[in-house]
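One structure is given below, encoded as structure tokens.
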Amino acid sequence: MSNFIENANWRYATKKFDTTKKVSEKDLATLKEAIRLSASSFGLQPYKVILVENPELRAKLQSASWGQAQIVEASHLVVFANITNFSEQHVDEYFDNLTTTREIQMEAVQGYKDFVKNFINTLPVDVKNIWTSKQTYIALSNLLNAAAELKIDVTPMEGFEPQKYNEILGLNELGLNASLVATIGYRHEEDGLQHLKKVRKSEKELFLTL
Ligand SMILES: Cc1cc2nc3c(=O)[nH]c(=O)nc-3n(C[C@H](O)[C@H](O)[C@H](O)COP(=O)(O)O)c2cc1C
């Protein structure tokens with residue numbers, strides 16, 4: 001566990017990436033697996049994770065991201081996109097996966113499946129979209145922590161215009177919405193932020209014991 005805390009202190013939201021350093025395919029595969037294994041509400045993983053490799057797309061996205069340089073300078077750019085209007089069909093897909101993976105009959109989980117469908121059907125569309133978007137933050141957190149263990153830098157980013165992202169990446173047509181961005185790579189030695197002390201609430205301020 002001491003490593004976890006050390007890594008959490010090592011990582012920081014990188015502003016300037018070293019454009020000469022690329023994350024290897026092997027490390028990228030590990031990071032993707034960390035994302036894939038993320039917990040989610042009911043296990044539904046109501047999102048897609050998009051790796052944007054096309055430089056032209058990345059340049060367009062930069063102008064939809066407050067001009068932030070990480071979008072084009074980082075080794076990799078990931079967009080977490082929540083599924084909009086998550087439906088019974090998505091729940092069916094999850095339960096098909098569950099019953100196949102665990103080699104059980106659908107009847108064994110029918111009651112639970114109905115419960116999940118009922119839950120999503122009671123949510124107004126806007127609330128449901130907030131709920132699916134929230135799940136992407138858990139995946140982002142897994143990415144941050146896994147990357148830190150590999151001494152790879154990740155900047156979580158909310159500083160972008162989701163509607164422009166949706167247009168540029170054609171996400172509306174896919175029933176997706178850009179929820180969160182992460183830039184992945186290696187810090188530039190000139191990024192002064194890496195030397196600054198972490199600013200966090202004290203334990204006393206953050207925790208409440210009742
Ligand atoms: C959801 C989220 C969105 C963020 N958006 C941006 C962003 O758009 N650009 C940026 O440079 N940093 C962004 N940050 C980084 C935070 O500013 C940073 O995590 C925070 O100041 C704590 O510092 P540290 O991560 O370096 O320890 C974001 C962080 C989170 C968790």
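Ligands are counted one by one from 1 in listed order, and the atoms in each one are counted from 1 as well.
For Asn82 and Asn129, the side-chain atoms include no donor-acceptor pair closer than 3.5 Å. Of the N and O atoms on the side chains of Glu93 and Gln89, at least one donor lies less than 3.5 Å from an acceptor on the other residue.
When the shell of 6.0 Å around CD of Gln163 is examined, it contains 12 or fewer heavy atoms from other residues, nucleotides or ligands.
Aromatic pair Tyr165/Phe160: ring centres closer than 6.0 Å.
Salt bridge status for Glu33 with Arg36: present, with a side-chain N to carboxylate O gap under 4.0 Å.
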Checklist line | Glu149 vs Thr30, side chain to side chain contact (heavy atoms under 4.5 Å, CB included): CA-CA, chis, key distance, verdict | finding: CA-CA 11 Å; Glu149 191 171 323; Thr30 304; over 6 Å; no

Between the protein and ligand 1, are there any N or O atom pairs that come within less than 3.5 Å of each other, and if so, what are their names and distances?
residue, atom, partner, partner atom, Å
ligand 1, 5 (N), Pro156, O, 3.2
ligand 1, 5 (N), Glu158, N, 2.9
ligand 1, 8 (O), Gln68, NE2, 3.2
ligand 1, 8 (O), Glu158, N, 3.4
ligand 1, 8 (O), Gly159, N, 2.9
ligand 1, 9 (N), Gln68, OE1, 2.8
ligand 1, 11 (O), Lys15, NZ, 2.8
ligand 1, 11 (O), Gln68, OE1, 3.4
ligand 1, 11 (O), Gln70, NE2, 3.3
ligand 1, 14 (N), Pro156, O, 3.1
ligand 1, 25 (O), Arg11, NH1, 3.2
ligand 1, 25 (O), Arg11, NH2, 2.8
ligand 1, 26 (O), Ala13, N, 2.8
ligand 1, 27 (O), Lys198, NZ, 2.5
ligand 1, 27 (O), Arg200, NH1, 3.4
ligand 1, 27 (O), Arg200, NH2, 2.8

